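Small disclaimer: the values here were computed from a predicted structure and weren't measured. We use all heavy atoms of the structure for the numbers below, so side chains are in, but hydrogens, waters and symmetry mates are not. Proteins come first, then strands; the chains are lettered A, B, ... in the order of their sequence lines, and each starts at number 1.
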Number of protein chains: 2
Amino acid sequence: MNIGEIARRAGVSRSTVSYALTGRRPVSAETRQRIQAVIDELGYRPNAAARALKEGRTRTLGLVIPPASARLTDMQLGFVASVVEAAAQADLDVLLSPSGGDHDRSFERLISGNRVDGVILMEIRLEDERVTRLHREGLPFVTIGHTAHPHGTCWVDVDYGTLVARCVHHLADLGHRGIALLNRSTELIAAGYGPAHRAQAAFAEAIHQRGLTGVDLPCADDPAAGEEWFEQLRDRHPGVTAITTINEAALPGLQRGIERLDVAVPREMSIAGVAARHWAEGFRPQLTAADVPTLEMGAHAVALLLERIATPTAPPRHLLLTPPISLRDSTGPARTT
Amino acid sequence: MNIGEIARRAGVSRSTVSYALTGRRPVSAETRQRIQAVIDELGYRPNAAARALKEGRTRTLGLVIPPASARLTDMQLGFVASVVEAAAQADLDVLLSPSGGDHDRSFERLISGNRVDGVILMEIRLEDERVTRLHREGLPFVTIGHTAHPHGTCWVDVDYGTLVARCVHHLADLGHRGIALLNRSTELIAAGYGPAHRAQAAFAEAIHQRGLTGVDLPCADDPAAGEEWFEQLRDRHPGVTAITTINEAALPGLQRGIERLDVAVPREMSIAGVAARHWAEGFRPQLTAADVPTLEMGAHAVALLLERIATPTAPPRHLLLTPPISLRDSTGPARTT
DNA sequence: TTGTAGGCGTTATCAC
DNA sequence: GTGATAACGCCTACAA
């Protein structure tokens, strides 16, 4: 079914059908109705490829997600959902590319065949080949997270540094003197994953400012690792009375470890961190944490990308969110033994 | 950058470039190399829209996921990941459509503008408008899950009925006389969600066969509901000594409820169910469960869809998986009080 | 208010 | 072994 067939059946020319559809030039009510009737009857919709070819745009956004091998965290899933949702609202489709590196076939297909009008990149590294690649290609893009050179690109991010610092200060205010940072995995840190590095730096800085003892320990992004992490912490750093976490995926394990070793929260151990709200509220006791607004971030990313597509020459804009830390039940005064 | 420009620079015609690229007709080694050199230099890739227009296929699959508002379960996420992965392996892209109903704009865009060569549908209802719609459109599709009329369509599913029955029999063999079914949500059941209905029927049947007392209770798909579910169970059905679950998302809550009420598993309460392996192994004690092979199912769905695209007239094929129940640590003999 | 015609970038048929 | 050319379905000047 194509526009020519509709035109034939409605007894008009193809252009009239096209104009009736787009409304870009007036069409008499009578012919418009006749055309619409035929369209409804045959269930016609313009061919997307032809339209894309003609208009030079695809009405499709690319979303680059971590490879399938890596299990998506709840937060990442939140981004995907919110991006897809926001795109759908703008009548845009989303093409998925599961890719880590630069030379991934699916990534290359996505960006270099004019398949999409713009790209949203998740899980950015401090030095990220894909960003360079996209720059070279001249394709509009927005990243969730930012690189070490943030000024040339459009991005949306959470200010992990400030949030971790606030957590440390909050805990210090409560009298804690030994605080541990439950960081992301060693591999991620080695790969130059920004949030982990920024959290590390801010943690060290805040610990230093308050004259505290800090323990910065990485942890793989899964429950089992979280459980082990807590055991090791209790074992090797008995002086620690509070934890700052940015590792959402390790929370269930942390919880199990706490229960297994029968540690009372917050009486014996305070915890404050950064997590999706859903995760923080699922923790027992509920976690004092900065709730990462994934929904909002995905929507912002799409909005920024649309701006960028509309005016690629405009200076890149950023959005660094510092969500408030919601006081829940996992932090309390340090025991004064 | 287009094929004409490449042709010009390589000093050949456009068709030669095209043939050098596709290999559909012999090109002398010398010219092929010259062309390749130009292509590499300029980083040319054929325009996807033009190719789709000419070839009449998009090399893209559509994946219809539950709307973003509904939080994806781990199992659903597993399907998405495996479908995307399998598609990438076949050099196909995946277009996402978050849609529940039939009249969703994004769903309509997906299926009626020739945007995709085929569609994979998740979260099928027993009576599903979208299936009807796809049939009418004549677009090849495969569903994960199946409708009440399974013979006309291609699908991949887990045999919830058999698995639930096996769980019941396993528990009955261990001497349990009162068994509860931790089902999916009331809304899902009301909406005609197949797995919930089939589990229900098989549960009732097995309970009857073994002359047991069965309690079939729905539960919303989230941890909080799981916790409440368990409390109510203990409260109202003290005779129940075993649980069969098909509600993965409620597991963390079930776990919390068990811990809070200080119930020993499996000494006081046995649990067997259906869940992603990841989830079952994360449970404490590890859950005796049929591990839903999401990875395999996604790959199968893609394979079936590709078959269907290649030969749309072939009789539809199905795949009903009955993964073995892995004995772990959550089931044991009923207490003989 | 409506129709005609050209071109978007490919691939494939036909001719050489 | 290679080149010209006609489609694919749509949109949009330009013409009437």
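- Between B:E5 and B:R8, at least one side-chain nitrogen of the basic residue sits less than 4.0 Å from a carboxylate oxygen of the acidic one, meeting the salt-bridge criterion.
- A salt bridge is defined here as a Lys NZ or Arg NE, NH1 or NH2 lying under 4.0 Å from an Asp or Glu carboxylate O, and A:R59 with A:E55 meets this definition.
- What you find for A:G118 and A:L305 is that their closest heavy atoms are C-CD2, 3.8 Å.
- Neither side chain, B:S15 nor B:S18, offers a donor N or O lying under 3.5 Å from an acceptor on the other.
- The aromatic rings of B:H135 and B:F141 stand perpendicular to each other, their planes meeting at an angle above 60°, with 30° marking the opposite boundary.
- In this model, a donor atom of one side chain and an acceptor atom of the other lie less than 3.5 Å apart for B:R115 and A:T60.
- Reading DNA chain C from its 5' end, the first and the last nucleotide to sit under 4.0 Å from a heavy atom of chain A are C:dT1 to C:dG9.
- Taking the charged nitrogens against the carboxylate oxygens, A:R133 and A:E108 do have a contact shorter than 4.0 Å, which makes a salt bridge.
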(message) Counting primed atoms plus P, OP1 and OP2 as sugar-phosphate and everything else as base, spell out the protein contacts along nucleotides 9-16 of chain D at 4.0 Å heavy-atom distance: B, S or - for each nucleotide, 5' to 3'.
(response) BBBBBB--

